[in-house]
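One structure is given here, and the rest of the page talks about it.
Whatever order the structure lists them in is the order used to number ligands and atoms, beginning at 1.
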Amino acid sequence: MMILTKKMIEIRNILARVGQSSTLTLPSIVVIGSQSSGKSSVLEAIVGHEFLPKGTNMVTRRPIELTLINTPDSQAEYGEFPELGLGKISDFSSIQRTLTELNQAVPDSQCVSDDPIRLSISSPNVPDLSLIDLPGYIQVVGQNQPLELKQRISELCDKYIQTPNVILAISAADVDLANSTALRASRRVDPRGERTIGVVTKMDLVDPIRGASILSDKQYPLRLGYVGVIPRVPAATGLFKKGNTNLTSTITRNENTFFTSHPLEFGPGSDVQVGTTTLRKKLMHVLEQTMSASLQSTSDAIRQELEEATYEFKVQYNDRPLSAESYLAESLDAFKHSFKQFSEEFGRPQMHELLKNELDQRMLDLLAARYWNKPIHDLGVPIAEPNSLVDLPKADPDSLYWRRQLDASTSALTKLGVGRLATTVVAGSIQSHVDALIGQSTFVNHPFARQAITEAASTILNDRFYSTSDQVENCIKPFKFDIDMEEREWTTGRDHVQGVLKRELTACEGAMKNLETTVGGRRKLKEVINFVDKARKGDVVVEGDYRSGAGGFSAELLAKGREAVFLRDRADIIKMRMLAAKSKQCANIKNKYHCPEVFLDAVASKLASTAVLFLNVELLSEFYYNFPRELDLRLGRHLSDDQVEKFAKEDPKIKKHLEVIRRKELLELVLEKMESLRQLEGLEKDRPRGG
Ligand code: GDP
């Protein structure tokens with residue numbers, strides 16, 4: 001008999017985890033009574049410990065779902081709050097404190113909350129029972145209590161006393177039963193008295209004859225009857241209450257003394273039931289009967305829920321199994337795989353290109369600053385007159401000036417901090433590739449993982465940053481003193497720089513087009529350009545500063561005009577330099593002073609190649625080796641189950657998928673347990689009673 005209830009309580013708890021539908025539940029015993037009726041005393045007498053919140057001011061504000069678990073093989077007595085994760089609490093006064101805090105947390109404005117506190121108590125001295133303690137009914141609303149409190153408590157109790165629950169209606173013997181709020185409430189939902197157990201406390205406070213007549217109440221007969229109890233620990237033994245000692249035997253002894261001293265009223269000959277022990281047995285019996293009666297309907301409901309979950313799993317998820325761990329493992333594998341692919345595609349040539357592009361930009365800046373920084377007509381010899389672009393260039397090759405210009409430019413290029421620049425460019429590119437990989441992966445929906453991966457990458461890159469830039473800087477050092485250039489390098493530089501100039505020209509022309517549209521067309525821009533040109537040559541006299549609103553043009557328009565003039569001149573120079581680079585003279589390395597673009601391009605290539613050799617060893621290979629390991633460290637085995645679960649559920653789709661599976665599994669588990677329970681029950685029924 002015990003085994004059945006135990007198993008059913010187990011099932012009840014699993015069902016509570018499935019949640020949702022109220023049909024998916026097995027009955028409980030719901031305890032109701034007005035304040036001071038002795039409700040807490042009865043519950044504590046059953047448990048054998050003082051553990052419920054005490055005090056005058058509305059101590060119970062939330063339902064307490066109390067599961068008692070009989071543990072015949074262990075002496076330990078302890079409570080657990082499954083939702084709080086506090087572990088096993090063997091000090092009952094600590095359980096009492098926790099319950100008090102949980103109740104006090106309900107704000108006064110809310111009065112009571114229907115969010116239950118779950119508490120299980122394991123002990124060899126408790127029966128297997130599932131009880132729900134509710135806030136006590138109040139007669140009069142206290143001064144500091146909201147008016148609707150009475151109503152709210154009554155509503156909350158009504159919610160719980162519905163079928164199939166058993167009602168434990170507590171009344172005190174010294175109050176007329178006709179006035180018992182608990183019995184009145186139970187009569188409303190159970191008018192024929194079929195699932196209510198009447199408990200009458202404080203039997204010691206009334207005359208035994210009257211007490212006995214209360215218990216055999218004829219006015220409101222209950223099929224399950226009344227039990228008279230004295231769940232109070234006598235004052236003389238009050239000392240024991242302080243410790244963790246079990247109260248059951250003290251209470252029972254006290255009750256025995258009282259009831260046996262009135263054998264006529266309460267003795268075996270009388271047909272009344274008395275004592276906490278009798279009450280416990282009755283509760284166990286009634287709960288088991290009720291549970292087994294609702295077994296069929298509950299298992300039908302579960303089967304239906306399971307069918308729905310199975311259908312959803314099939315239709316929405318194609319029966320695809322999934323667990324939080326497998327999801328994380330698969331996501332991580334997929335990510336590592338995409339990283340591996342990236343690592344095969346990103347190597348020396350790609351780094352070289354990145355770096356060369358960067359150096360090309362620096363080279364263009366240098367050329368602009370040192371060679372192209374004047375209006376065309378002041379440029380002097382190294383680039384020919386605008387009208388004679390063909391016979392380029394006319395600079396005196398022996399002129400010390402042009403030698404110094406090139407030497408200074410070269411030196412500026414080699415000394416611009418290539419080590420740091422190269423490392424920054426490559427590290428930045430790796431990081432943004434990693435970001436792009438995250439963006440294409442399932443991790444994109446997981447802020448936690450996204451951060452972990454980004455940090456994994458930046459940690460490695462930061463770790464290697466300084467030593468890599470130092471190494472690279474060291475190995476390009478020789479170029480700062482001397483550059484030894486071969487014919488082949490020159491030729492490559494000459495080809496390459498034409499492309500660079502061409503792109504620069506395209507950029508200039510693009511910017512010019514943009515300007516045209518912003519000022520309202522090519523013609524308009526031309527007018528402004530003409531004006532700016534004339535003003536610069538002094539052909540038009542501009543009052544004051546021609547920059548502000550002269551010639552009928554707005555200041556803004558003039559600024560655009562100056563920008564256009566700059567772009568036009570820059571484009572002219574670039575066109576000229578492209579011709580120069582293409583010219584016969586620039587085909588020969590000996591004419592390098594005429595062809596600074598070609599020379600600097602070749603130098604930039606040398607710098608890039610050398611830097612890439614070391615970047616490859618110091619940064620890229622290191623990164624490729626360490627990154628997957630760092631990922632394992634941050635997203636791998638050492639994450640706790642909770643973290644993995646939390647991670648997986650960040651994605652709403654995955655969350656739903658996991659929940660359907662979990663629901664299905666729980667329902668299957670419950671059904672399986674119920675099946676075996678029914679077999680057990682069958683066996684019980686066949687067994688001859690009292691054997
Ligand atoms: P609750 O408000 O319904 O939980 O009532 P309590 O269990 O706190 O009991 C109210 C008061 O009645 C307490 O002082 C108890 O000690 C006392 N009490 C409870 N049961 C009995 C009993 O059977 N006899 C006597 N004399 N006092 C009782």
Side-chain angles (χ1 to χ4, degrees), residues 29-64 66 92-93 96 99-100 103 112 117 131-140 142 145 149-150 153-154 156-157 167-175 177 179-186 197-208 210-212 214-215 226-242 247-248 250-259 261-262 265-266 272-280:
I29 298 170
V30 181
V31 192
I32 54 170
S34 46
Q35 265 185 348
S36 302
S37 59
K39 191 159 65 71
S40 318
S41 305
V42 170
L43 281 171
E44 291 178 343
I46 293 169
V47 170
H49 287 278
E50 202 181 321
F51 70 100
L52 287 166
K54 296 282 146 67
T56 45
N57 186 26
M58 261 299 287
V59 280
T60 307
R61 289 167 174 240
R62 291 170 64 180
I64 302 174
L66 184 64
F92 282 80
S93 61
Q96 190 174 38
L99 281 175
T100 306
N103 276 296
V112 288
I117 299 170
L131 297 155
I132 299 171
D133 183 28
L134 291 168
Y137 290 109
I138 51 170
Q139 310 303 331
V140 190
Q145 292 169 335
L149 180 59
K150 200 171 155 180
I153 294 177
S154 174
L156 175 62
C157 293
I167 304 168
L168 196 65
I170 316 261
S171 320
D174 59 348
V175 176
L177 273 207
N179 291 331
S180 160
T181 327
L183 283 174
R184 255 183 302 168
S186 103
I197 301 173
V199 175
V200 181
T201 59
K202 310 193 186 181
M203 289 298 289
D204 55 327
L205 295 187
V206 293
D207 171 72
R210 190 176 135 55
I214 295 176
L215 297 184
Y226 290 85
V227 184
V229 292
I230 311 171
R232 195 176 66 117
V233 179
T237 49
L239 276 179
F240 292 109
K241 281 176 78 176
K242 293 277 166 273
L247 307 173
T248 315
T250 320
I251 292 175
T252 320
R253 215 175 312 126
N254 185 49
E255 281 179 329
N256 276 343
T257 316
F258 179 84
F259 291 124
S261 60
H262 304 287
E265 290 81 1
F266 305 117
V272 297
Q273 301 179 60
V274 288
T276 311
T277 315
T278 311
L279 177 61
R280 283 165 156 238

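- Of the protein's non-hydrogen atoms, Ser41 OG, 4.0 Å is the one closest to atom 15 (C) of ligand 1.
- For Ile170, no heavy-atom contact with ligand 1 is shorter than 4.0 Å.
- Side chain of Glu50 to main chain of Ser93: no donor-acceptor pair is present (N/O by atom type, distance under 3.5 Å, no hydrogens or angles).
- If you check which protein heavy atom lies closest to atom 24 (N) of ligand 1, you get Asp204 OD1, 2.9 Å.
- The line from CD1 of Ile32 to SG of Cys157 is 6.5 Å long, rounded to the nearest 0.5 Å.
- In terms of polar-atom proximity, defined here as any N/O pair under 3.5 Å, Lys54 makes no such contact with ligand 1.
- The contact set between ligand 1 and Ser34, taken as ligand atoms under 4.0 Å from a residue heavy atom, comprises 3 (O).
- Residue Ser40 has at least one nitrogen or oxygen atom sitting less than 3.5 Å from a nitrogen or oxygen atom of ligand 1, judged on distance alone.
- The closest protein non-hydrogen atom to atom 22 (C) of ligand 1 is Lys202 CA, 3.4 Å.
- The minimum heavy-atom distance linking Met203 with Ile230 is given by the pair CB-CG1, 3.9 Å.
- Under the 4.0 angstrom criterion for non-hydrogen atoms, Ala173 is not in contact with ligand 1.
- Here the rule is side chain to side chain contact (heavy atoms under 4.5 Å, CB included) with Val31, and of Leu66, Leu43, Ile132 only Leu43 fits it.
- In terms of protein heavy-atom proximity, atom 2 (O) of ligand 1 is nearest to Ser36 N, 2.7 Å.
- At least one N or O atom of Gly38, backbone or side chain, sits closer than 3.5 Å to an N or O atom of ligand 1.
- Minimum interatomic distance between Ala185 and Tyr137 (heavy atoms only, all atoms of both residues): CB-OH, 3.2 Å.
- Contact annotation: the side chain of Asp204 never approaches that of Asn254 to less than 4.5 Å [non-hydrogen atoms, C-beta and beyond].
- Nearest heavy atom pair, residue Arg280 against residue Ile46, reads NH2-O, 2.7 Å.
- Residue Gln35 has no nitrogen or oxygen atom sitting less than 3.5 Å from a nitrogen or oxygen atom of ligand 1, judged on distance alone.
- Looking at every heavy atom in both residues, Thr276 comes nearest to Ile251 through OG1-CG2, 3.8 Å.
- Looking from atom 28 (C) of ligand 1 to the surrounding protein, the closest heavy atom is Arg232 CD, 3.3 Å.
- Less than 4.0 angstrom separates atom 13 (C) of ligand 1 from none of the non-hydrogen atoms of the protein.
- Using a 4.0 Å heavy-atom cutoff, Ser37 is listed among the residues neighbouring ligand 1.
- Aromatic ring pairs are classed by plane angle as parallel below 30°, tilted from 30° to 60° and perpendicular above 60°; the pair Phe92 and His49 is parallel.
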